Amino acid sequence: MADSSKKMQIVFASAECAPFVKTGGLGDVAGSLPAALVRAGAEVIVMVPKYATIKDEYKAQMEHFSDFYVSLGWRNEYCGLEKLEHDGVTYMFIDNERYFARDYPYGFFDDGERFAFFSKAITESLQHLPAGFECDILHCNDWQTALAPVFLREFYQGLPLYDRVKTVFSIHNVAFQGQFSDTVMEDILGVAHIPAAATQLRCDACSINYMLGALHYADAITTVSPTYAGEIQTPEFGEGLDGVLRERSYALQGILNGIDVAAFDPATDKRIAANYTVEDRSGKAVCKAKLQEELGLEVRDDRPLMVMVTRLTRQKGMDLVMYALDRILSGGVQVAVLGTGDRDYEDGLRYFQDKYPGTMAARIEFDPALSQRMYAAADMFLMPSKFEPCGLSQIIAMRYGTLPIVRETGGLKDTVQPYNEFTGEGTGFSFTNFNGDEMGDAVFRAARLFWDNREAWNQLVTQAMSQDFSWTRSADKYLDLYFFMHPEIERPAAVKAAMTVEEPVAAKAEPAAPVKEPAAAEGPKAEEKPAADAEVKPAAKPAAKKTTTRKTTAKKATTTKAAASKTSAAKATTAKASTTRKRTTAAVKKATEAEVVPEVKADAAEAKPAAKAPAKTAAKKTTATKTTAAKKASATKSTTKKATTKPATKVEETPAEPKAKAAVEAKPAAKTTTRKRSTKTAKKTTTEAEAPKAEAKAEDKPSVKAEPATKAAEVKTASKATAKTEPAKEAPVSPAAPAEEKAPTKKTSVRKATATRKRH
């Protein structure tokens with residue numbers, strides 16, 4: 001039973017966290033998501049290393065909370081916990097000066113040891129949290145914390161405090177995995193003697209991979225966009241981990257990142273030249289003019305200004321930019337780029353700045369304040385990444401009314417809806433392939449809209465600024481995951497209320513499964529058998545008759561299978577049987593319709609709405625044929641012992657039982673057993689057997705999809721039972737047959753049937 005008094009208690013571990021330390025998107029996530037979780041009713045403690053680079057104003061607010069020693073291989077390392085409350089979130093800084101008192105968070109020779117210590121300190125510190133805080137979820141992020149789920153399982157599992165802890169591991173960029181020499185396994189991690197850990201950490205003969213360990217050991221895996229979650233399961237984007245990600249795909253999901261909408265708000269942002277809102281964007285024109293002046297560009301409002309704020313690397317699409325920049329600048333689009341990175345790209349941007357003065361500006365530096373002014377001033381934001389797990393720049397750009405031009409990959413595809421010139425929908429522009437010409441075309445699609453249809457452009461800007469990219473939406477999805485892993489904890493009422501909006505949508509989506517069934521009928525799949533069985537429930541028959549029908553159906557299926565194995569020669573008589581079958585269908589339809597049609601209708605309606613008419617027709621035809629054969633057999637009993645004809649209609653639909661295949665193959669073989677026939681009957685059969693073969697072929701290969709084999713057999717048997725018990729309701733017998741009406745009671749002999757046909 002759910003515990004209504006307990007809150008979800010989460011430890012969120014990250015190697016960086018804004019505003020204390022930030023080098024990329026991970027810092028933004030760790031700085032915003034925990035606060036959103038707290039607002040949603042959870043209790044969160046964020047664990048971050050206490051780097052020397054953290055500003056003194058924050059260090060002054062920290063209070064020493066606890067200290068203990070952490071074993072790391074043969075070492076015993078000091079670990080202090082420094083507590084800080086900031087914006088309603090509790091932060092615990094892991095203090096060890098030997099590892100973290102450095103000028104920069106990453107990039108040192110002993111990073112493997114430093115972050116192995118950080119992971120071990122996280123798991124050890126779960127015993128030293130504030131009173132009343134018992135960790136339910138340990139949420140780790142990227143390779144720097146990837147060993148925490150490994151240590152938790154191998155060294156702490158079984159301890160009462162740790163038994164309730166579920167681990168979540170988030171991949172922010174699968175390209176950075178934490179690979180080190182396998183000597184680390186014994187010397188630092190101390191797991192070389194544990195076969196499971198040693199195997200699941202090793203990525204090749206002499207290396208181990210921290211992220212690989214987390215993918216094996218974590219209870220759930222998330223990444224930062226739904227599209228990226230699919231991409232990393234392919235060799236192209238998986239960076240060697242696609243195999244294990246496919247194996248654990250059941251535990252993997254993508255949850256889109258958000259942004260701090262209060263920090264990135266053009267209506268209140270003090271870092272930009274003029275504030276503006278979605279309703280009144282006059283301030284944006286002021287921002288554009290000021291930035292053009294600041295960067296040495298021509299101050300013109302009739303030329304679109306496109307900016308990039310990025311690391312200058314191949315991953316960010318700089319190859320495409322270098323290829324297409326000449327065309328873009330000569331075409332009348334102003335370009336401004338801010339960032340640092342590979343020397344070749346830096347030099348290339350300087351070259352274009354010199355070639356196109358007043359049109360191109362390159363700022364090879366890191367300047368957060370200038371980046372904010374560029375977001376607010378630009379008309380377009382270019383982000384042609386080779387891969388992008390989520391990306392925040394395109395989201396910030398839309399928040400400021402700057403339309404993004406992106407490649408359709410990862411989070412870029414999930415966040416930017418391409419402009420549709422026919423409907424006016426969209427929030428930006430996109431292109432598919434990693435190709436410079438495609439990127440250039442996308443830029444000029446945007447530029448032409450800016451020049452030629454300013455009304456449509458303004459509408460697009462309004463739609464982009466109206467998007468909801470707050471962390472509230474993302475936090476709800478993370479809470480869905482947390483509460484799924486801890487069903488005994490009751491979800492807060494506020495969160496439940498937010499979820500009720502989505503529930504009706506999910507309920508409406510449910511009926512999608514039956515809609516897929518007509519497609520499944522074309523390619524039979526045995527796995528869909530239970531659904532077919534469950535949906536087809538004959539409702540028009542009395543209960544007693546229904547039971548009898550099922551028993552007789554099973555018996556019939558067995559007889560059919562045995563008959564099929566006894567003879568293959570029966571296939572040769574298919575054409576004759578098909579022609580014979582046609583002769584009295586019309587005469588018998590009325591007799592069978594009263595008893596069988598309601599059942600067939602029920603079957604067709606429940607099984608597949610899209611194929612109602614074909615299924616009904618096929619079922620009627622099958623029933624009519626069966627009844628015709630039965631009548632003929634009973635009518636000729638004075639001169640004949642028995643005649644039974646099986647329909648040749650080929651059933652092509654999802655088989656309901658494994659035996660259906662044998663039934664389908666056996667059905668074309670019409671079996672008629674006759675000891676003696678009257679001259680009249682023999683002549684009739686001979687004459688009809690000479691009917692055109694085209695008719696027979698058309699009958700052998702029906703275009704109408706019939707009901708599953710078991711359904712057809714059930715309907716046939718039902719009509720057979722009708723012939724036995726209710727002869728008064730049957731229609732007049734075909735003129736070719738004598739008037740005696742008595743259903744056959746003995747089983748057929750295939751061998752004799754074949755011999756008799758050959759004689760006639």
Side-chain angles (χ1 to χ4, degrees), residues 16 18-28 31 51-55 102-107 173 259-260 263-264 266 269-273 287-299 305-326 328-329 333-386 388 391-397 399-400 402 404-406:
E16 55 185 80
F20 311 108
V21 57
K22 173 189 165 183
T23 64
L26 173 59
D28 289 316
Y51 297 110
T53 52
I54 296 174
K55 291 180 181 178
R102 307 191 187 186
D103 296 334
Y104 197 74
Y106 319 121
N173 192 335
I259 60 170
D260 186 340
F264 296 103
D269 195 341
K270 293 181 171 59
R271 298 166 291 182
I272 62 178
C287 291
K288 179 177 179 179
K290 291 281 188 184
L291 184 71
Q292 286 173 324
E293 186 179 347
E294 179 184 351
L295 298 179
L297 301 173
E298 295 180 28
V299 182
L305 172 60
M306 182 174 73
V307 303
M308 290 184 74
V309 178
T310 182
R311 286 182 289 113
L312 305 180
T313 63
R314 186 169 190 272
Q315 185 237 313
K316 294 297 183 181
M318 289 307 298
D319 287 350
L320 308 189
V321 175
M322 293 294 105
Y323 174 85
L325 203 49
D326 213 341
I328 291 168
L329 293 167
V333 178
Q334 290 183 332
V335 178
V337 181
L338 171 66
T340 60
D342 295 352
R343 181 66 182 269
D344 289 346
Y345 300 133
E346 293 179 353
D347 291 343
L349 292 172
R350 290 190 184 101
Y351 163 78
F352 283 111
Q353 179 178 243
D354 294 339
K355 185 176 179 180
Y356 293 95
T359 303
M360 171 74 194
R363 293 292 180 268
I364 312 302
E365 57 186 300
F366 178 73
D367 188 340
L370 176 57
S371 71
Q372 207 65 23
R373 296 195 294 275
M374 290 172 74
Y375 282 125
D379 299 300
M380 304 181 295
F381 188 90
L382 181 61
M383 201 168 178
S385 302
K386 185 174 179 62
E388 194 66 57
L392 296 178
S393 296
Q394 82 281 8
I395 299 176
I396 297 169
R399 178 79 171 147
Y400 283 85
T402 300
I405 301 169
V406 302

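One-based numbering along the sequence shown. Please read all numbers here as calculations on a predicted model, not as lab measurements.
The shortest side-chain heavy-atom distance between Leu297 and Leu305 falls under the 4.5 Å cut-off. Leu329 has its side chain within reach of Val335: a pair of non-hydrogen atoms, C-beta onward, lies under 4.5 Å apart. Contact annotation: the side chain of Val333 approaches that of Met380 to within less than 4.5 Å [non-hydrogen atoms, C-beta and beyond]. Contact of the Pro266 side chain with the Arg399 side chain is registered, since non-hydrogen atoms from C-beta on lie closer than 4.5 Å. Looking at heavy atoms from C-beta onward, Val406 lies out of side-chain contact with Ser385 at the 4.5 angstrom threshold. Looking only at side-chain heavy atoms (C-beta outward), Glu388 and Gln394 stay at 4.5 Å or farther from each other. Between Lys355 and Asp326, some side-chain heavy-atom pair lies under the 4.5 Å cut-off.
Side-chain atoms of Asp342 never come within 3.5 Å of backbone atoms of Asp344 as a donor-acceptor pair (strictly under, hydrogens ignored).
Remark: Lys270 pairs with no residue by the side chain to side chain contact (heavy atoms under 4.5 Å, CB included) rule, at least two apart or across chains. Partners of Ala289 by side chain to side chain contact (heavy atoms under 4.5 Å, CB included), not counting sequence neighbours, listed by chain and number: Val299.
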Verdict with reasoning, Glu16 to Thr23, per side-chain hydrogen bond (donor to acceptor under 3.5 Å, both in side chains): CA-CA 7 Å; Glu16 55 185 80; Thr23 64; 2.6 Å; yes
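One finds the CG atom of Leu370 at 6.0 Å from the CG atom of Leu295 (value rounded to the nearest 0.5 Å). Rounding to the nearest 0.5 Å gives a distance of 10.5 Å between OH of Tyr375 and CD1 of Ile395. Here the OG1-CG distance, from Thr402 to Leu382, works out to 12.5 Å after rounding to the nearest 0.5 Å. Here the CG atom belonging to Leu320 is positioned 11.5 Å from the CG atom belonging to Leu325, to the nearest 0.5 angstrom. How far CD of Gln372 is from OH of Tyr400: 4.0 Å, rounded to the nearest 0.5 Å. In this structure, CD in Gln334 is found 4.5 Å from CD in Gln292, a value given to the nearest 0.5 Å.
Summarising the geometry of Ala336 relative to Met374, their closest heavy-atom pair is O-CE, 3.6 Å, with the distance given to 0.1 Å. Met383 and Gly391 make their closest contact through CE-CA, 4.2 Å (heavy atoms, listed as atom of the first residue, atom of the second, distance).
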Donor-acceptor contacts under 3.5 Å from residues 306-314 side chains, at least two apart:
residue	atom	partner	partner atom	Å
Arg311	NH2	Gln315	OE1	3.4
Arg314	NE	Asp319	OD2	2.7

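Residue-environment remark: CG (Asp354) exceeds the threshold of 12 foreign heavy atoms within 6.0 Å. Within 6.0 Å of atom CD in Glu298, more than 12 heavy atoms from other residues, nucleotides or ligands are found, so the atom counts as buried in its surroundings. Counted within 6.0 Å of OH on Tyr106, heavy atoms from surrounding residues, nucleotides or ligands total more than 12; the atom is thus considered enclosed.
Between Asp347 and Arg343 there is a salt bridge, since at least one side-chain N of the basic residue sits less than 4.0 Å from a carboxylate O of the acidic one.
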